[in-house]
S.K.: 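Structure below; questions to follow.
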Amino acid sequence: MTFLFTDIEGSTRLWESQQVAMKAALPRHDALVRQCVAGHGGHVFKTGGDAFCAAFHTASDAVAAALEAQRALHAEPWPDPVKIRVRMALHTGAVECRDGDYFGPPLNRVARLLAVGHGGQTLLSESTHDLARDHLPPLATAKALGEHGLKDLGRREAVFQLCHPDLPQSFAPLKTTQAPIEKETPSIAVLPFVNMSRDEENEYFADGLSEELLNVLAKIRGLRVASRTSAFSFKGKDVDIPTVAQKLNVATVLEGSVRKSGKRVRITAQLIQVATDSHLWSETYDRELEDIFAVQDDIAQSVVKELRAALLGEPAESAAGTSAAADVRRAATGRGDNPEAFQLYLQGKFYGERTTQADTDRAIALFERALAIDPGFALAWAEMSRVHQVQAGYGFAPINEGYERARAAAQQALRLAPDLAEGHIELGHVLQAHDWNWNAADASFRRALELAPGDAKALRAMAGLAGILGRRDEGLELIRKAIALDPLSARAHRQAALLYYQANRLDDTAAAFQLALDLSPNSGLSHAFLAITRVMQGRAAEALALAAAESHDVFRNMAFSLIHHSLRNSSESDAALKVLIDGFGWTAAYQVADVYAWRGEVDKAYEWLEAAYAQRDPGLSNLATDLLLIPLRGDPRWPPLMKKMGFA
């Protein structure tokens, strides 16, 4: 039998806040679900509130019923302000039927599968997928989401998402990918403050103020703060607070607005407790720009006090206020004290998030201007180090030159502020990617985690190093924690995919790369990496369209050469490899070696690995775990190379 379980996401909250609308909506929901189940030969054998349990004799009928129900529910004009979103799960297995009810392990598995999904999402177990994949309804597809552990079940489950052009296809990660979060830990998302200024050029100021508040709060022990990428993914979108909180797995949300005019600034901020839809705290500040640091500190202190009071029962005044002030002062380590330098720094961060030659050049120039005014601004030094590394890694600057500038900036940041987590992260990246000094990089990342255990960037950094050193369980555990803090970050899921790749778990690799693409369809690298994964899965023909969509020239041509070789199109493979060598051989020797290794041209692969070593190509960090290089591992030149890189 195949079982379909459904329930309405957030129904308890909807009943509490929108009782009249729910009374009108629920009968229509029930009728639509029952109609679709019956129309495909199924029967409802149990209900509970808004939840339905239905049984079908064939998997294809169950899938067709689920899809028809989701399309009907999605198209239904629900009474304002209710938005009914139903999650569904299907699983197939042998059960016992007694007195019109069903018993057996498949019922537990489908219930656990339902629990990890999101409203509007339909999940298939591996057994249902295998039985129905050749009989899906027109235009329907099944997208692999990888293997996941389900609560209290020993065997991991390969999970698939039922997709259709009429339905949403991008969702937050399944709840199994999030590290366990203690409910008593205060949690918050800081949304990008709205720019109310007439001048759109002040967008950087509103974004930067929000991000600086987020960074300060993330360093305070005992708080769990959703990371920037995920929180800022809602910028400019009409998404309600409960949806934001659900997607980011937080209990409170800080939002606000900024109006900047000349040297004056008005900032409003409000802290919302999602469960009760109530304001824990709100304030409006009308200040001179010179007071911006005092305003930031006041907002951060108020948030810390109110969260501790609301969730931990601490008093909001007296000693608790003093404690919050001390925590915020410690968390603000490395911040400058000049408002003009601060504005330039915020502008630099704004442009530094864009990985183009022009934008990174502009970001560095802005940081240099900020540091000319305030040379003791440690955070600006750390951020400039990061952008220099981007330039070196993307070929916008010579590798050695870019990394040496990055090293100098990170070291200066730490001279000014030895306990600055950002400084330790950036120095660690230089030590790992350029120096290949694994022990020193490990020490830097561990120090960053000691200083900022809730920083997703620190967790990702440590996870990446653990992966390339073969500490796969540690790496996967760290990346799960990073994803819990940053669930909508394409970069975090791309890094999870690389960790799966290093472990030769190619199905999970593909699922994680696909999720990264769903979250950020226009970002670089993910198309090419997924294409390369498809090649390694023996599905090279599927990879051509992915490679064509890749924006990064190096990895697009690398992917094309690998794909065409696998398809036995030798001339096309040679042509793509020639473009790679002629255009980028000076900075992408490691990728050239990867291609030659996959093509079985061992001597040429070793020549380019030696060139990569001479270039200090950061790709060599992956030498020990790169599956493309497996054809080289039996060669007598392999052990000396591993030893030279510090892996043996």
S.K.: Suppose we screen for side-chain hydrogen bond (donor to acceptor under 3.5 Å, both in side chains). Which residues come up paired with Arg539, at least two apart in sequence or across chains?
M.R.: Glu542
S.K.: Decide yes or no for Arg491 and Thr229: does some side-chain heavy atom of the first lie under 4.5 Å from some side-chain heavy atom of the second?
M.R.: no
S.K.: Does the side chain of Arg109 come within less than 4.5 Å of Leu150's, by heavy atoms?
M.R.: yes
S.K.: Check whether any side-chain heavy atom of Leu254 lies under 4.5 Å from a side-chain heavy atom of Ile299, and answer yes or no.
M.R.: yes
S.K.: Measure the NZ-OG distance between Lys260 and Ser197 for me, rounded to the nearest 0.5 Å.
M.R.: 7.0 Å
S.K.: Test your reading of the model: is there a side-chain donor-acceptor pair from Thr6 to the backbone of Ala89, 3.5 Å cut-off?
M.R.: no
S.K.: Does this structure show an ion pair linking Glu9 with Arg85, if we count only N-O contacts that are shorter than 4.0 Å?
M.R.: yes
S.K.: Rounded at 0.5 Å granularity, tell me how far CD in Glu212 sits from CG in Leu346.
M.R.: 6.0 Å
S.K.: Between Ser526 and Leu517 (side chain of the first, backbone of the second, donor and acceptor by atom type, cut-off under 3.5 Å), is there such a pair?
M.R.: no
S.K.: Any heavy-atom pair between the side chains of Arg28 and Trp78 that's under 4.5 Å?
M.R.: yes
S.K.: Work out which heavy atom in Phe171 is nearest to a heavy atom in Leu515; give both atom names and the distance.
M.R.: O-CD1, 4.0 Å
S.K.: Has Gln514 got a side-chain atom pairing as donor or acceptor with Leu145's backbone, closer than 3.5 angstrom?
M.R.: no
S.K.: Does some side-chain heavy atom of Leu167 sit less than 4.5 Å from a side-chain heavy atom of Leu162?
M.R.: no
S.K.: Are the side chains of Val250 and Val274 in touch, meaning some heavy atoms are under 4.5 Å apart?
M.R.: no
S.K.: Apply side-chain contact (heavy atoms from CB on, under 4.5 Å) to the pair Met196 and Val194, showing each step before the final yes or no.
M.R.: CA-CA 6 Å; Met196 304 294 289; Val194 177; 3.7 Å; yes
S.K.: Begin from the C-alpha positions of Lys235 and Glu203 and carry the test side-chain contact (heavy atoms from CB on, under 4.5 Å) through to its verdict.
M.R.: CA-CA 11 Å; Lys235 182 179 176 179; Glu203 192 81 10; 2.9 Å; yes
S.K.: Please find the pair of heavy atoms, one from His527 and one from Leu546, that lie closest to each other, and give the distance.
M.R.: CB-O, 3.3 Å
S.K.: Leu498: what forms a side-chain contact (heavy atoms from CB on, under 4.5 Å) with it, not counting sequence neighbours?
M.R.: Phe513, Phe529
S.K.: Any side-chain heavy atom of Ile483 within less than 4.5 Å of one from Arg480?
M.R.: no
S.K.: Say whether, by atom type as modelled, one donor and one acceptor occur between the side chain of Asp286 and the main chain of Arg266 under 3.5 angstrom.
M.R.: no
S.K.: Sequence neighbours left out, what passes side-chain hydrogen bond (donor to acceptor under 3.5 Å, both in side chains) with Thr268? Give chain and number order.
M.R.: Ser257
S.K.: Sort out for me which residue in Leu488, Ile188, Val225 forms a side chain to side chain contact (heavy atoms under 4.5 Å, CB included) with Leu248.
M.R.: Leu488
S.K.: Check whether any side-chain N or O of Ser520 sits under 3.5 Å from a backbone N or O of Ala516 as a donor-acceptor pair, and report yes or no.
M.R.: no
S.K.: Is it true that the side chains of Asp507 and Gln537 contain a donor and an acceptor less than 3.5 Å apart?
M.R.: yes
S.K.: Could you walk me through whether Asp166 and Leu139 satisfy the side-chain contact (heavy atoms from CB on, under 4.5 Å) test, starting with their C-alpha distance in whole Å, then the side-chain angles of each, then the deciding distance to 0.1 Å, before giving a yes or no?
M.R.: CA-CA 9 Å; Asp166 292 348; Leu139 302 181; over 6 Å; no
S.K.: With sequence neighbours excluded, tell me which residues meet side-chain contact (heavy atoms from CB on, under 4.5 Å) with Ala458.
M.R.: Ile425, Ala448, Leu449, Asp455
S.K.: Can you tell me how far the CG atom of Leu114 sits from the CG atom of Asp7, to the nearest 0.5 Å?
M.R.: 4.5 Å
S.K.: Please say whether more than 12 non-hydrogen atoms of neighbouring residues, nucleotides or ligands are located less than 6.0 Å from NZ in Lys83.
M.R.: no
S.K.: How many angstroms lie between atom CD of Glu255 and atom CZ of Phe193, to the nearest 0.5 angstrom?
M.R.: 8.5 Å
S.K.: Would you please name every residue forming a side-chain contact (heavy atoms from CB on, under 4.5 Å) with Glu68, sequence neighbours left out?
M.R.: Cys36, His40
S.K.: Does Thr122 reach the main-chain N or O of Met88 with its side chain, forming a donor-acceptor pair under 3.5 Å?
M.R.: no
S.K.: How long is the straight-line distance from CD1 of Ile272 back to CD1 of Ile241, given to the nearest 0.5 Å?
M.R.: 4.5 Å
S.K.: Write down the atom of Leu136, the atom of Ala140, and the distance for their closest heavy-atom approach.
M.R.: CD1-O, 3.8 Å
S.K.: Quick check against the 3.5 Å criterion: does Thr58 have a side-chain atom that pairs as donor or acceptor with the backbone of Asp61?
M.R.: yes
S.K.: Quick one: side chains of residues 41-54, donor-acceptor pairs under 3.5 Å with protein atoms, not counting sequence neighbours, listed by atom name and distance.
M.R.:
unit_1	atom_1	unit_2	atom_2	d
His43	NE2	Tyr102	OH	3.2
Lys46	NZ	Asp101	OD2	3.2
Asp50	OD1	Ile8	N	2.9
Asp50	OD2	Ser11	OG	2.9

S.K.: Mind checking whether Tyr285 and Trp281 have parallel, tilted or perpendicular rings, split at 30° and 60°?
M.R.: tilted
S.K.: If you draw a 6.0 Å radius around CZ in Arg505, do more than 12 non-hydrogen atoms from other residues or ligands fall strictly inside?
M.R.: yes
S.K.: Side chains of Arg460 and Ile479, heavy atoms from C-beta outward: is any pair under 4.5 Å?
M.R.: yes
S.K.: Which atoms form the tightest heavy-atom contact between Ala452 and Lys219, and what is the distance?
M.R.: CB-CG, 4.1 Å
S.K.: So which atom in Leu32 and which in Glu76 form the shortest heavy-atom distance, rounded to 0.1 Å?
M.R.: CD1-OE1, 4.0 Å
S.K.: Would Thr128 and Phe3 count as a side-chain contact (heavy atoms from CB on, under 4.5 Å) here? Give the steps.
M.R.: CA-CA 9 Å; Thr128 301; Phe3 296 94; over 6 Å; no
S.K.: Would you check if the side chain of Gln70 reaches a backbone N or O of Val86 as a donor-acceptor pair within less than 3.5 Å?
M.R.: yes
S.K.: Shortest non-hydrogen contact from Ala492 to Ser489?
M.R.: N-OG, 3.1 Å
S.K.: Mind checking the CG-CD spacing from Leu213 to Gln296? Nearest 0.5 Å is all I need.
M.R.: 5.5 Å
S.K.: Ignoring hydrogens and angles, tell me if any N or O in the side chain of His129 forms a donor-acceptor pair with the backbone of Leu123 under 3.5 Å.
M.R.: no
